[in-house]
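Below: one structure, written as structure tokens.
So that the names make sense, note that chain A is the first sequence line, chain B the second, and so on, each numbered from 1.
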Amino acid sequence: MEKFTTLSGIAAPLPLINVDTDMIIPKQFLKTIKRSGLGVNLFDEMRYDDDGNEIKDFVLNKPAYRNAEILVAGDNFGCGSSREHAPWALLDFGIRCVIGPSYADIFYNNCFKNGILPIVLPQEQVDVLMKDAEKGANARIEVDLAAQTVTSSDGEVFSFDVDGFKKHCLLNGLDDIGLTMEKAASIDAFEQQASAARPWV
Amino acid sequence: MSPKTLYDKIWDAHLAHEAEDGTCLLYIDRHLVHEVTSPQAFEGLRMTNRAVRAPDKTIAVPDHNVPTTPDRVSGGMNEESRIQVEALDKNAKDFGIHYYPVSDVRQGIVHIVGPEQGWTLPGMTVVCGDSHTATHGAFGALAHGIGTSEVEHVLATQTLIQKKSKNMKVEITGKLRPGVTAKDITLSVIGKTGTAGGTSYVIEYCGQAIRDLSMEGRMTVCNMAIEGGARAGLIAPDEKTYKYVQGRPHAPKAAQWQAALNWWKTLYSDDDAHWDKVVTIRGEDIAPVVTWGTSPEDVLPITGTVPAPEDFEGGKVEAAKRSLDYMGLTPGTPLSEVKIDTVFIGSCTNGRIEDLRAAAAILKGKKIKDGLRAMVVPGSGLVRLQAEEEGLADIFKEAGFEWRLAGCSMCLAMNPDQLSPGERCAATSNRNFEGRQGRGGRTHLMSPAMAAAAAVTGHLTDVRDLM
């Protein structure tokens, strides 16, 4: 997994609540057995018309946002299915950070496993950054994970919370499975105790 | 000992490691696997030379993109779907996990197969790369969906890195009125709490109306916990649970049955346990409901009218505008006047035998409205067989329904069963998101009996008028 330390990038505004994972990556693109290549179909049904032509008004089709690395989102972003194809598609497009007031649980976790930082800020602060993002390519938003800050293009600084373990893994690009395997002795011991207590499992 | 909720008890019984910062390793008893969210995880194992730690606790079945038409084995599957299903065939074989291939009569939707085969038992931790894993909570198991990276983590370590969720109690008191079902309960709860109302919580459903539900009804309720944003939803086991489980192929037998039962009987929330959030709904206040919009929280009694954006506040005003536009609905229209094109009965929410019985009871001796497309997709091959034995299949076929093979089908339209742009569907599934059942497709969620009623009249219908 690629490390996430700091990011200074163009932020695309997507002021919709309850953006679900079917919107982020529709089911017809889940038939891949790879993690890569999904960026072209990110937000497919909002981004292309029935003939596959780009819909000009959609934010990621606007020239200013084609290289966006940050998405400023609405409440309950990523609700719905557990498909990790949603963060894979965001990452493949180039999005490394999402900023919003809240996320669905599984999507939120899936982001961290893929080097994407989902930042939670109060609605008023997201509103400020949404306005900032609407300014286009000249307005770059800065994110510093170690310091846990987001800085708007006007220099306004917002602090955010993030779980210590998730932050550590993201800052260092650590593989969860490797870390868990270091605790194999604990798992072995638990397994023995549990299979004695509940042999039918 | 301090009082505990059911969730606390299951959590404590599965805690394999706790770090100083509170990050926990939760041991997983059952890992269910399907073809769409697992290929990258198995690939990850191969690339790192890792094995599946507990193949005996890992069960796989293809369901999401298998066609449900009779020709599916002989070539009804498109190239990409075939590659995914063949990848699961190979991964199951290479890693030595339990497997129900497409050709097996026990194949079906993973959340129907698990309970049916006795893999799901009270007090277990159950995960699957699918958000509707919450279904298994009906047995008093802690069951939730995970992403593909977590699938790989569970395959390799049989554990999941977790932080504990908060406890939420959803109590449905009293008795349900005639025509009101488990689906109406679960949709009504989401209508009240919103799709983010359960975020960061595990819900325990309780109260007389929940106790009165059959195991299948309880599965319908828990299935949609995720649509309310909850990590999981569960229901304390009772005599109905034990009776449902006993004798299933993978349920404990003989002396182990008694040992299991002794433990299961300790699985309830203590009287003075702490709840971080409590929601109470009177069973008598729940009506047969349908969804009108593109979020499962857009729920109204069938006797209601299409709302206007200005009925809402905040971000929901814009969302409602977008939903109404997408759904092609005009505010003020009575919901019972909304004409439909298609009826879909099936899915992990409502694809079990009791769901088919409820729909068949409405359809018996009737025909579907002219011009309508209607299909029944049993949740598993065994549900299909039983429905045939009980004569339900004949009722559906005589009414004009297509009688399909088991799979996820039109619930998520990853297979050939899809809606066309603008096509309006009465569906027993769980999500009415934009494009969920096919690009431009319009979904109204409801119970199997309500979907059957809509099939007869050709419009959204109060099932009580046909009872």
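Residue Thr199(B) touches chain A through its side chain alone, counting heavy-atom pairs closer than 4.5 Å. Of the two parts of Asp50(A), the backbone and the side chain both hold a non-hydrogen atom closer than 4.5 Å to a non-hydrogen atom of chain B. Lys113(A) touches chain B through backbone and side chain together, each having a heavy atom under 4.5 Å away. For chain B, the nearby parts of Asp44(A) are the backbone and the side chain; heavy atoms of each come within less than 4.5 Å. Heavy atoms of Leu16(A) lying under 4.5 Å from chain B belong exclusively to its side chain. With a 4.5 Å cut-off on non-hydrogen atoms, Tyr103(A) touches chain B through its backbone but not through its side chain. For Ser200(B), no part lies near chain A; criterion is any non-hydrogen pair under 4.5 Å. Interface remark: Pro26(A) contributes no atoms to any contact with chain B (heavy atom separation under 4.5 Å). Residue contact with chain A, scored on non-hydrogen atoms closer than 4.5 Å, involves the backbone and the side chain of Lys316(B) alike. Contact annotation for Glu43(B): neither backbone nor side-chain heavy atoms come within less than 4.5 Å of a heavy atom of chain A. Contact of Arg231(B) with chain A is made through backbone and side chain together, with heavy-atom distances under 4.5 Å. Only the side chain of Glu297(B) comes within contact range of chain A, judged by heavy atoms closer than 4.5 Å. In this structure, the portions of Ala13(B) lying under 4.5 Å from any heavy atom of chain A include both its backbone and its side chain. Proximity to chain A (any heavy atom under 4.5 Å) is restricted, for Ile161(B), to the side chain, taken from C-beta onward. The contact between Ser81(A) and chain B is made by backbone and side chain atoms together, counting heavy-atom distances below 4.5 Å. Contacts between His64(B) and chain A at a heavy-atom distance below 4.5 Å are absent for every atom of the residue. Only the side chain of Ile17(A) comes within contact range of chain B, with at least one heavy atom under 4.5 Å from a heavy atom of that chain. For chain B, the nearby part of Asn109(A) is the side chain; its heavy atoms alone come within less than 4.5 Å. With a threshold of 4.5 angstrom between heavy atoms, Arg198(A) approaches chain B through side-chain atoms but not through N, CA, C or O.
Asp298(B) places a side-chain N or O within 3.5 Å of a backbone atom of Thr294(B) that can act as its donor or acceptor partner. Lys31(A) places a side-chain N or O within 3.5 Å of a backbone atom of Met414(B) that can act as its donor or acceptor partner. Under the 3.5 Å distance criterion, the side-chain polar atoms of Asp92(A) are matched with a main-chain donor or acceptor of Gly37(A). Remark: the backbone N or O of Ala19(B) is not paired with any side-chain donor or acceptor of Thr23(B) at under 3.5 angstrom. Checking side-chain atoms of Ser81(B) against main-chain N and O of Met77(B) turns up no donor-acceptor pair under 3.5 Å.
Contact annotation: the side chain of Val127(B) never approaches that of Leu32(B) to less than 4.5 Å [non-hydrogen atoms, C-beta and beyond].
For the residue pair Gly147(B) and Ile106(A), the shortest heavy atom distance occurs at N-CG2, 4.1 Å.
Under a cut-off of 6.0 angstrom, the local environment of CD in Glu318(B) is sparse, with at most 12 non-hydrogen atoms contributed by other residues, nucleotides or ligands.
Counting only N and O atoms by type, the side chains of Glu227(B) and His132(B) include a donor and acceptor under 3.5 Å apart. Inspection of the Gln123(A) and Asp127(A) side chains reveals an N or O donor paired with an N or O acceptor under 3.5 Å. The closest side-chain donor-acceptor pair between Asn76(A) and Thr195(B) falls under 3.5 angstrom.
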